[in-house]
Every structure is written in structure tokens, then in C-alpha cells.
Asker: 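Please read through the structure below; I'll follow up with questions.
Residue indices begin at 1 and follow the sequence shown.
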Amino acid sequence: MSQVETIRVCLVAPSLEITGGQSRQAARLLAAFQHERTLALGFIPHNPRLPAPWRKLQRLKFVRTVVTTSYYWWLLLTQLWRYDIVHIFSASYFSYLLAVAPAILIGKLYGKRVILNYRSGEAEDHLQHWPLTTKPIMRLADRIVAPSSYLVDVFARFGLQAESIFNIVELDRFRFRARAPLQPKFLCCRLLEPLYNVGLVLRAFQQIQQRYPNASLTIAGDGSQRAALEQLARTLAVRQVAFRGIVPFEQMPQLYDEHDVCLIGNDIDNMPATILEACASGLPVVSTEAGGIPYLVKHEVSALLVPCGDHAGLAREAMRLLEDATLAQQLRQQAHALVQQCTWESVRGQWLKLYMDLMQAQNAPRRASRATLPQRS
């Protein structure tokens with residue numbers, strides 16, 4: 001294959017109308033790929049907007065899922081045939097079943113090279129409890145790519161080979177600032193859903209505030225647990241806790257800049273973007289050891305980590321950080337070095353090589369077939 005031959009790639013992923021790490025990473029990848037002359041890009045969102053005359057149907061609670069999913073499948077059927085490679089972002093459970101499995105199957109129906117870009121920290125539970133729709137369909141993908149070696153290990157335990165390519169952090173958007181000394185200004189950027197256990201952060205903060213009465217906590221995110229968490233804050237009688245709701249990505253750099261320490265209480269996760277963004281901004285991270293977090297940052301090297309569910313440990317390590325300036329500086333420096341691996345310059349070559357390898361594998365049988373044709377005398 002010529003180095004200048006154009007590779008037609010269709011990215012299939014959530015659009016930015018769905019707030020979350022997947023949509024943000026997809027947007028970053030699309031923006032970066034726009035500058036690659038060897039690629040011709042397409043995009044099919046998991047959550048497409050219906051054409052204008054039908055869009056009002058997407059406002060109806062139960063109808064919305066049916067019509068949006070049907071239109072999404074129609075886009076897959078009518079557009080994927082145009083591309084060489086189908087690059088599919090994947091979460092787990094019903095999102096995988098409705099958005100990802102059909103894209104894999106339709107991509108292979110058209111004879112395309114398919115990349116399953118799996119990004120959920122719930123992979124182990126998903127693979128274990130949904131065996132009929134996960135492994136058989138995932139094996140149809142030509143490559144499985146995950147943003148962390150943690151997920152690579154999870155897939156290996158289920159007999160699936162995967163490789164790791166890091167998420168992208170736009171370092172130029174975040175201002176690195178060395179806080180010295182650290183102030184008890186804490187930030188938690190997680191969706192307010194059970195697996196992220198923001199309640200653990202609130203319980204830890206209660207203990208922190210007993211020693212640091214002027215401590216503050218900002219919770220940036222929204223979700224099904226918001227009312228329960230606001231009630232928990234009242235029950236714990238913590239002060240200076242602000243529930244900010246969803247903060248647009250454009251405002252996140254300023255939010256990080258206004259705080260000094262990042263707190264995370266997750267029970268499940270893969271490679272949280274908030275950790276990388278905090279590291280890029282100079283915020284030391286105190287977190288539970290959920291999922292892939294220990295693969296991303298190391299205890300007492302680039303972050304402070306405690307067992308999942310240990311709110312007293314989270315509080316203890318957070319206060320230790322406030323009281324040990326040398327440790328805080330060490331963590332800050334190591335964490336900032338870590339995120340250099342997540343720039344576009346660092347991962348660009350990995351994605352381009354993967355695309356080129358898939359195209360060369362696609363073209364090899366054709367070349368071999370031509371080589372075996374009888375030659376005219």
C-alpha cells in the first residue's frame with residue numbers, strides 16, 4: 001500500500017450531546033485526525049439527531065430511545081459501506097448491545113476492518129454476565145483497543161487479545177500551576193452515579209473539615225444520585241460544599257485552576273480523564289484504587305491511593321498531602337510527567353500505524369491473488 005493512499009475511517013461514537021469521557025475523547029480524536037492528509041474521516045454518532053420534521057419525537061421519554069436507535073442503525077446500514085475501517089467507541093451493557101454490537105456486525109457484513117475501542121471500567125462484569133453478546137461478537141473485530149493496560153489484562157482473562165492506546169489530554173488547554181502551600185480547596189469531577197461513589201468523598205470531606213474548618217469541596221457533575229447526595233451533605237452537616245452540576249469542557253481548565261486537590265472515591269473506573277486533567281493542571285490526586293486507576297497513577301509516586309470504600313483513608317491521605325509540602329511537590333512533578341504520554345504527539349503514531357496495518361492486512365490477500373494468476377505468454 002502506498003504511503004500516500006487515503007484511508008477512509010468512520011468513527012462511531014457518542015456525540016458531545018452526551019456528556020462523558022467517551023464523547024470528549026471522540027471529539028478530540030476527530031479534531032486531531034482532521035489534519036492527517038492520509039485519512040478521510042466520517043462520523044456516525046450513537047445518538048444521532050433525527051431529521052428536522054421528526055426531531056420532536058426525541059423529546060418523548062420512551063419513544064426517544066426507539067426512534068434514535070432505529071435511525072442510528074439506518075445510518076450504519078446506509079453509510080458504513082463507504083469506508084475502509086470502522087472505529088467503534090464502546091461502553092458496556094445496553095449501550096454496547098444497542099450501539100456497538102450492531103456496528104461491529106454491519107461493518108463485518110460489508111467486509112470492513114473493524115476496531116473495537118472499548119473504554120468502560122465495567123468490562124469485567126460486562127464480559128462475565130453478558131457472555132452471549134460480548135465475546136462472540138467482539139471476536140469479529142479485527143482489533144480491540146483500550147485506553148489502559150488494566151483493560152488489556154481484563155480482556156486477556158476472558159481469552160480476548162487487546163492492546164492499549166492512551167487517551168488524549170489537550171495540555172495546551174490546562175494551565176499547570178504549582179500550589180505552594182496547598183490550600184484545602186477540594187474538587188471532585190465525577191458523574192453522580194453509584195459506581196463513582198461521590199458519597200465516599202462527602203464522608204471523607206466531613207473528617208477533613210473537622211481539622212480544616214475552612215475547607216471547601218466543589219462537586220462538578222450530575223446524575224441520578226444528585227438529590228440523595230445533596231441530602232447526605234445536609235445529614236453530614238458539611239459546610240462549603242457546592243454542587244456545580246455539569247460543567248462544559250471549555251470551563252473545566254478554569255475550574256481546575258480554582259482548586260488545589262482532586263478527590264476521587266470511585267468503586268469502578270478505567271482511566272478517568274479527570275485524573276489526567278488534574279495532573280495537567282498541577283492538582284495532586286487522592287483517589288481510591290478502583291479498576292484501572294492504579295495502572296494509571298502509582299501510590300506515593302504520582303498520586304495517593306486508598307482501598308475502595310475507605311472514606312477514612314481518603315481523608316487521612318488528603319490531610320497528609322496538605323501537611324507535607326515535599327510530598328505534594330513530588331507527586332505534582334511525577335504526575336505532570338505522566339500526562340506527557342497522553343498528548344496527541346505521543347499517541348498519533350500508534351493510531352496511524354494501527355490503521356495502516358489493518359489496510360495492509362486487507363490488501364495482502366488481493367496482492368497474493370493477483371500474484372498467482374497465470375501470466376499471458
Asker: Please examine the side chains of V169 and C279, heavy atoms only from C-beta on, and report whether any two atoms are closer than 4.5 Å.
Answerer: no

Asker: Does K185, at its NZ atom, have more than 12 non-hydrogen atoms belonging to other residues, nucleotides or ligands within less than 6.0 Å?
Answerer: no

Asker: Set out, in order, the CA-CA distance, both residues' side-chain angles and the distance that settles side-chain contact (heavy atoms from CB on, under 4.5 Å) for N117 and I88, then state yes or no.
Answerer: CA-CA 6 Å; N117 194 182; I88 308 163; over 6 Å; no

Asker: Apply ring pair (Phe, Tyr, Trp, His ring centres under 6.0 Å) to Y72 and list each qualifying residue two or more places apart in sequence or on a separate chain.
Answerer: H46

Asker: Hey, any chance V66 and L98 share a hydrophobic cluster, counting ILVMFWY side chains that come within less than 4.5 Å of each other, even indirectly?
Answerer: no

Asker: Can you check whether L77's main-chain N or O pairs, donor with acceptor, with Y110's side chain at less than 3.5 Å?
Answerer: yes

Asker: Can any side-chain N or O of S120 pair as donor or acceptor with the backbone N or O of E122 at less than 3.5 Å?
Answerer: yes

Asker: What is the ring orientation for Y96 with Y118, classed by angle as parallel under 30°, tilted 30 to 60°, or perpendicular over 60°?
Answerer: tilted

Asker: If you compare all heavy atoms of Y295 against all heavy atoms of S149, which two are closest, and at what distance to 0.1 Å?
Answerer: CD2-OG, 3.1 Å

Asker: Please set out all donor-acceptor pairs under 3.5 angstrom arising from side-chain atoms of residues 321-330, sequence neighbours excluded.
Answerer:
from : atom 1 : to   : atom 2 : distance (Å)
E323 : OE1    : R211 : NH1    : 3.3
E323 : OE2    : R211 : NH1    : 2.7
E323 : OE2    : Y212 : OH     : 2.7
D324 : OD1    : T326 : N      : 3.2
D324 : OD1    : L327 : N      : 3.0
Q330 : NE2    : E300 : O      : 2.9

Asker: Answer whether the closest heavy-atom distance between the side chains of V286 and F186 falls below 4.5 Å.
Answerer: no

Asker: What's the verdict on side-chain contact (heavy atoms from CB on, under 4.5 Å) for L314 and V201, showing C-alpha distance, side-chain angles and the deciding distance?
Answerer: CA-CA 8 Å; L314 197 70; V201 173; 4.3 Å; yes

Asker: For the pair D84 (side chain) and R8 (backbone), establish whether a donor and an acceptor sit closer than 3.5 Å, ignoring hydrogens and angles.
Answerer: yes

Asker: With the side chain counted from C-beta on, respond yes when L236 and R203 share a heavy-atom pair under 4.5 Å apart, and no when they do not.
Answerer: yes

Asker: Quick one: do E230 and R234 make a salt bridge, cutoff under 4.0 Å?
Answerer: no

Asker: Would you call R244-D222 a salt bridge at under 4.0 Å N-O?
Answerer: no

Asker: Decide if atom CD of Q161 counts as having more than 12 heavy atoms of other residues, nucleotides or ligands within a radius under 6.0 Å.
Answerer: no

Asker: Got a sec, which hydrophobics cluster with V152, joining ILVMFWY side chains under 4.5 Å apart, including via others?
Answerer: none

Asker: Who pairs with F176 by ring pair (Phe, Tyr, Trp, His ring centres under 6.0 Å), at least two apart in sequence or on another chain?
Answerer: H336

Asker: Residues in side-chain hydrogen bond (donor to acceptor under 3.5 Å, both in side chains) with Q22, at least two apart?
Answerer: none

Asker: Taking T78 for the side chain and W74 for the main chain, is one N or O donor matched with an acceptor at less than 3.5 Å?
Answerer: yes

Asker: Suppose we screen for side-chain hydrogen bond (donor to acceptor under 3.5 Å, both in side chains). Which residues come up paired with Q340, at least two apart in sequence or across chains?
Answerer: none

Asker: For A315, enumerate each residue passing the side-chain contact (heavy atoms from CB on, under 4.5 Å) test, keeping only those at least two apart in sequence or located in another chain.
Answerer: A204, Q207, I208, M319

Asker: Is S224 close to P194 at the side-chain level, that is, under 4.5 Å between some pair of heavy atoms?
Answerer: yes

Asker: Is there a side-chain contact between E5 and T38, using heavy atoms and a 4.5 Å cut-off?
Answerer: no

Asker: If you link I, L, V, M, F, W and Y whenever their side-chain heavy atoms are under 4.5 Å apart, who else ends up in the same group as Y83?
Answerer: none

Asker: Taking side-chain contact (heavy atoms from CB on, under 4.5 Å) as the definition, give me every residue that meets it alongside R175, ordered by chain and number, with sequence neighbours left out.
Answerer: R177, D257

Asker: Ignoring hydrogens and angles, state whether a donor on the side chain of Q231 or T235 is under 3.5 Å from an acceptor on the partner side chain.
Answerer: yes

Asker: Are any of the side-chain nitrogens in R348 or E36 under 4.0 Å away from the carboxylate oxygens of its partner?
Answerer: yes

Asker: Any chain of hydrophobic side-chain contacts (each under 4.5 Å) joining V301 to I264?
Answerer: no

Asker: Would you call L171 and V339 a side-chain contact if the rule is heavy atoms closer than 4.5 Å?
Answerer: yes

Asker: Ignoring hydrogens and geometry, is there a side-chain-to-backbone donor-acceptor pair from E193 to Q225 under 3.5 Å?
Answerer: no

Asker: Would a distance-only check, ignoring hydrogens and angles, find a side-chain to backbone donor-acceptor pair under 3.5 Å from Q209 to A215?
Answerer: yes

Asker: Flag yes if L105 and L76 sit in one hydrophobic cluster, no otherwise; membership is Ile, Leu, Val, Met, Phe, Trp, Tyr, and two members link when side-chain heavy atoms are under 4.5 Å apart.
Answerer: yes

Asker: Looking at D153 and R157, is any side-chain nitrogen of the basic one under 4.0 Å from a carboxylate oxygen of the acidic one?
Answerer: no

Asker: Clusters formed by hydrophobic residues whose side-chain heavy atoms approach within less than 4.5 Å: which one holds F94, and what are its other members?
Answerer: Y93, L97, W130

Asker: Locate the shortest heavy-atom distance separating F243 from A233; write the atom from each residue and the value.
Answerer: CE1-CB, 4.3 Å

Asker: Is the shortest distance from a Lys or Arg side-chain nitrogen in K112 or D142 to a carboxylate oxygen in the other one below 4.0 Å?
Answerer: no

Asker: L109: what forms a side-chain contact (heavy atoms from CB on, under 4.5 Å) with it, not counting sequence neighbours?
Answerer: none

Asker: Given side chains that start at C-beta, do those of V347 and C342 come closer than 4.5 Å, heavy atoms only?
Answerer: no

Asker: Mind checking the CG-OG1 spacing from L127 to T134? Nearest 0.5 Å is all I need.
Answerer: 5.0 Å

Asker: Using atom types as modelled and distance alone, determine if a side-chain donor or acceptor of Q341 lies under 3.5 Å from a backbone N or O of S346.
Answerer: no

Asker: One pair to check against side-chain contact (heavy atoms from CB on, under 4.5 Å): E163 and I144. What are the steps and the verdict?
Answerer: CA-CA 6 Å; E163 57 194 280; I144 299 174; over 6 Å; no

Asker: For I85, is there any backbone N or O sitting under 3.5 Å from a side-chain donor or acceptor partner on R113?
Answerer: no

Asker: When hydrophobic residues are tied together by side-chain contacts of less than 4.5 Å, even through go-betweens, does Y71 share a cluster with W81?
Answerer: yes

Asker: side-chain contact (heavy atoms from CB on, under 4.5 Å) for I275 and I293? Distances and angles first, verdict last.
Answerer: CA-CA 9 Å; I275 288 183; I293 292 175; 3.9 Å; yes

Asker: Applying side-chain contact (heavy atoms from CB on, under 4.5 Å), name anything that partners S148, two or more places apart in sequence or on another chain.
Answerer: Y150, L151, N270, M271

Asker: Report yes if the side chains of D260 and P184 come closer than 4.5 Å at any heavy-atom pair, otherwise no.
Answerer: no

Asker: Without hydrogens or angle criteria, can the side chains of Q206 and Q210 be said to hold a donor-acceptor pair below 3.5 Å?
Answerer: no

Asker: Looking just at side-chain N and O atoms, do T288 and N266 make a donor-acceptor pair shorter than 3.5 Å?
Answerer: no

Asker: Tell me the closest heavy-atom pair linking F205 and V241, and the distance in Å.
Answerer: CE2-CG2, 3.7 Å

Asker: Would you say the ring centers of F166 and W344 fall short of 6.0 Å from each other?
Answerer: no

